[in-house]
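Each chain gets a letter, A, B and so on, in the order its sequence line appears, and its residues count up from 1.
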There are 2 protein chains.
Amino acid sequence: MNGSRAEAAHHQLVADVFARACASRGVLEHVTGRWGTLALAALAEGPFRFNALRRKVDGVSEKMLAQTLQALERDGFVHREAEPTIPPRVEYSLTALGAEVAGRLRELIELVEGRVQEVEAARRAYDEAKSAVAR
Amino acid sequence: MNGSRAEAAHHQLVADVFARACASRGVLEHVTGRWGTLALAALAEGPFRFNALRRKVDGVSEKMLAQTLQALERDGFVHREAEPTIPPRVEYSLTALGAEVAGRLRELIELVEGRVQEVEAARRAYDEAKSAVAR
DNA sequence: CTGTATCCTCTCTGATACTG
DNA sequence: CAGTATCAGAGAGGATACAG
């Protein structure tokens, strides 16, 4: 997406989002889902082994981390390198595509992080207005 | 969180994501959730009334659209303008903050949309490798 | 160590019906 | 038109146990 197609791209995006949503929606949900976001953010720092990643993404269960990583690997965002030793040693890292996505994701996260106070203020205002009506 | 924080922001981001995740995670999930994404994308085109929005975001139920819009309004991403007429007329639009977020979101969506083919290829490769192992 | 399998809970979601 | 209320099903998510 670039240059003079800016306008066209925007309109087509909208069409795409709602017409071909089927294709991208699923992918997007892997990326933006609760654990997908955190896994990609963690891997943006560098490669990690399964349990290291699990400690990094605090609160994730074994099951969900495995599930998330499989989805991301299948989508081509994450590379899985397994050494067939005993005990097994598996390292996860971002692919080129995964790094791009993680970058965009990071921009979005940074924006939201930077505005959390605004959001919290908005929430307080909203809740106050609500309870005022209730009275 | 302000001023010249480019470098610091990245390192702190990582800390934030995992330490204060509580604060931003919830917000991020409203934004990136199934309907939040689509609602913001739709409103990026301009203001819409409830049912117009509902037709635009194809597949959303009354309930989920109302729920999504309330969450986004409470977070300060969406502005709700209600005329107290009969029948009621309510218009939804993006706030300045909402527009910023929608922009970042659009970048992410565009990236994913543009790479859907790569993802689908990765999926085919992954599934093939899987079934090969099964044999 | 790196997962898979199972069971169980709890939230999200959608269909339906109803209110202002 | 713009929602709210309620209910039931589907799926996400977590705890535990076990396999390679």
Side-chain angles (χ1 to χ4, degrees), chain A residues 21-22 25-39 42-43 47-75 78-93 126 129-131 133-134, chain B residues 21-22 25-39 42-43 47-75 78-93 126 129-131 133-134:
Chain A
C22 2
R25 206 183 277 183
V27 179
L28 215 51
E29 277 170 22
H30 289 163
V31 170
T32 62
R34 188 165 178 195
W35 303 122
T37 305
L38 296 173
L43 288 172
F48 282 98
R49 292 176 58 185
F50 188 85
N51 276 322
L53 207 48
R54 203 183 157 208
R55 280 185 293 275
K56 200 123 196 80
V57 183
D58 197 60
V60 70
S61 66
E62 259 181 26
K63 181 185 155 185
M64 291 317 297
L65 183 57
Q67 205 171 97
T68 300
L69 287 171
Q70 275 175 24
L72 293 176
E73 188 199 353
R74 193 170 100 98
D75 289 349
V78 163
H79 175 67
R80 178 178 182 277
E81 191 72 39
E83 293 172 29
T85 58
I86 295 200
R89 177 190 179 86
V90 181
E91 221 174 48
Y92 292 91
S93 55
Y126 182 92
K130 275 282 181 188
S131 57
V133 170
Chain B
C22 3
R25 208 184 274 183
V27 179
L28 214 51
E29 278 169 21
H30 289 162
V31 171
T32 62
R34 190 167 177 193
W35 304 121
T37 305
L38 295 173
L43 288 173
F48 281 99
R49 294 176 57 186
F50 187 86
N51 276 321
L53 207 47
R54 200 182 159 207
R55 280 185 292 277
K56 199 122 199 84
V57 182
D58 199 60
V60 71
S61 67
E62 260 180 24
K63 181 184 155 185
M64 292 317 298
L65 182 57
Q67 205 172 99
T68 301
L69 287 172
Q70 275 174 24
L72 293 177
E73 188 200 351
R74 193 170 101 97
D75 289 349
V78 163
H79 174 67
R80 180 178 181 275
E81 190 72 38
E83 294 172 27
T85 58
I86 295 198
R89 177 191 178 85
V90 181
E91 221 173 49
Y92 292 91
S93 55
Y126 181 92
K130 275 283 179 185
S131 58
V133 170

Rounded to whole Å, CD of B:E73 lies from P of D:dA2 at a distance of 15 Å
If the cut-off is 4.0 Å, is A:R80 near the phosphate of C:dG3, judged by side-chain N/O to OP1 or OP2? yes
How close or far is atom P of C:dG3 from atom CZ of A:R49, stated in whole angstroms? 10 Å
Ion pair present between A:E83 and A:R89, side-chain N to carboxylate O less than 4.0 angstrom? yes
Interatomic distance, A:M64 CE vs C:dT9 P [rounded to whole Å]: 18 Å
Closest-nucleotide ordering on DNA chain D, the 5'-leading residue of A:W35 and A:P88: A:W35
To the nearest Å, how far apart are B:E81 CD and D:dA2 C1'? 15 Å
Rounded interatomic separation in angstrom, taking CZ from A:R89 and P from C:dG3: 13 Å
Which heavy atom of A:K56 sits nearest to which heavy atom of A:A42, and what is that distance? CG-CB, 4.1 Å
Please check this pair: side chain of A:T37 against backbone of A:T32, looking for a donor-acceptor N/O pair closer than 3.5 Å. yes
Both A:F50 and B:V60 contact DNA chain C. Taking the nearest nucleotide for each, which residue is further toward the 5' end? A:F50
Base, sugar-phosphate, or nothing for B:Q70, non-hydrogen atoms under 4.0 angstrom? sugar-phosphate
On DNA chain C, compare the nucleotides closest to B:E62 and B:Q67; which residue's is nearer the 5' end? B:Q67
Rounded distance [0.5 Å steps], CZ in B:R49 versus CG in B:N51: 8.0 Å
Scan B:E91 against the nucleic acid and name what it touches under 4.0 Å (heavy atoms): base, sugar-phosphate only, or nothing. nothing
Just the rounded figure in Å: distance from P of C:dT2 to CZ of A:F48. 13 Å
Gap between atom NE2 of A:H79 and atom CD of A:E91 - 0.5 Å precision: 9.0 Å
note: B:K63, atom NZ; C:dA15, atom P; distance rounded to Å ~ 11 Å
From CG of A:L65 across to P of D:dA15 the rounded distance in Å is 14 Å
Using the side-chain heavy atoms of A:Y92, tell me which of these nucleotides is nearest: C:dG3, C:dT2, D:dT4. C:dG3
